[in-house]
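This structure is a prediction, so every number in the text was calculated from the model and none was measured.
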Amino acid sequence: MNAARAREQLPDTLRAIAMLAVLVVNAIGYAVAPWGPMLGARSPADSAWAAIAQGLVGALLQGKGVAMLSFVFGMSLWLAARRRGRAEALQRGRVRHRRLLGLGIAHGVFVYFGDILTLYALVGRPLLRRLHMPWRSLRRHLWHALAWALLAKLAWVLVLVGFGANPDTGDVPSFASVRGAWPFLQLNASTYVFGLATSLVMAGPITYLCMVCGVAAARLRLLTHPRWRGALRRVLWRSGPALLALGAVHGWGCAALDPAGAWRPWTDALGDFIAIPLAACYLAALALASCGGRARWCGWFSPLGQRTLSLYIGHSLLCLVLFSGLGWALAASTLQTVLWCLALWMLALAAARQSRGPWPLEAWMARR
């Protein structure tokens, strides 16, 4: 069986769908970044449509796409290494992580401070040595990762509640207000370095947990083998409605509460705390809906899932050109920004389906 036919469609499908959430969240807050509210300043301020768009993004997308991508990253590590010896898989993984780290640093310093590639490269590297460890040892390691992730999540929630999730940043420079290449570089690079140091402590354990879960799920074939469907359905039935209800509360807070108000940190902390469990429900639902990646509609999304690195970098470059003071500084409304991301994602989806080979960044990452 050739490599193309042996490749599983489900991870690529999940990656393509999760990337839409990442694009929307990054773009909606871009103009007021790096210190403004994550979901941006509502535009127009009195628009019901803008409020609804912010609420839906908060309830359904914020924090979920990144968690899903981390999980799929772990799945992909195992799927790439399972047919190789431990030494060969480790050497190959290190090469790819070095390239990912270099690309992430360049992206984070010069283009977008909120880069996730650097974090993935740094956090995922220790996992390379554990891909082939015995199942009992991996399970024990998973429990340790869960304990550290819970501590990090609780610490971050305390930060949100204690210091306020969205302080008044009206007088602070933003990407939309900064003018000139050097001021933009100073603002972007400094916040990238600060954010990376913070995320390694606060988000690193959580990202690592998602990756380890992805490795464990791939080894068990949790999302692809029919024997697990009953368990996935029970998990969805028991936890899905409650998590969606809590997500709706968070979405209501995003839509109705002042970002600098007293109650907003509590709803933001709620949204942050349920993001990973809700992302897990999304993964289970998509696995069931796709019959473990065997459904015909997975073929619509999997080509884009193999090219999300180019889409991610390209989206950041477009945001820089369209919404920053270094570019055109367009004052798009909240709803227009969401629709633009959806249109860009659909255009990339169509382009990926017509592509015969990998896109440039994917081809570079795959080089031996």
* Can you sort out the partners of Y192 under side chain to side chain donor-acceptor pair (under 3.5 Å), two or more places apart, ordered by chain and number? => T118

* Kindly give the heavy-atom pair with the smallest separation between L220 and R227, and that separation in Å. => O-NH2, 3.3 Å

* Qualifying salt bridge (charged side-chain N to carboxylate O under 4.0 Å, His left out) pairs with a residue from residues 272-295, counting only residues at least two apart or across chains -> K153-D272

* Would you list the pairs meeting side-chain hydrogen bond (donor to acceptor under 3.5 Å, both in side chains) in which at least one residue belongs to residues 200-222, sequence neighbours left out? => R130-Y208, H141-Y208

* **salt bridge (charged side-chain N to carboxylate O under 4.0 Å, His left out) contacts touching residues 30-56 (sequence neighbours left out)** => none

* Salt-bridge present (E362, R99; N to O < 4.0 Å) -> no

* **Listed partners of D115 passing salt bridge (charged side-chain N to carboxylate O under 4.0 Å, His left out), at least two apart** => none

* To do: Under 4.5 Å between side-chain heavy atoms, chaining through other members, with only Ile, Leu, Val, Met, Phe, Trp and Tyr counted: pull out the rest of the cluster around I276, sorted by chain and number.
  => I206

* To do: Sequence neighbours left out, what pairs pass side-chain hydrogen bond (donor to acceptor under 3.5 Å, both in side chains) with at least one residue falling in residues 312-326?
  => H107-S316

* Asked: Got a second to check how far L209's CG is from L142's CG, nearest 0.5 Å?
  -> 6.5 Å

* Structure fact -> side-chain hydrogen bond (donor to acceptor under 3.5 Å, both in side chains) pairs touching residues 329-344, sequence neighbours excluded, are S333-Q336

* To do: Under the salt bridge (charged side-chain N to carboxylate O under 4.0 Å, His left out) rule, collect the residues that match up with E88, sequence neighbours excluded.
  => R84

* Asked: Taking only residues two or more places apart in sequence or in another chain, which ones pass side chain to side chain donor-acceptor pair (under 3.5 Å) with Q91?
  -> none

Quiz: residues 231-249 side-chain donor-acceptor pairs under 3.5 angstrom, not counting sequence neighbours:
residue: S239; atom: OG; partner: V235; partner atom: O; Å: 2.6

* Quick one: list whatever passes salt bridge (charged side-chain N to carboxylate O under 4.0 Å, His left out) with R15, sequence neighbours left out. => D12

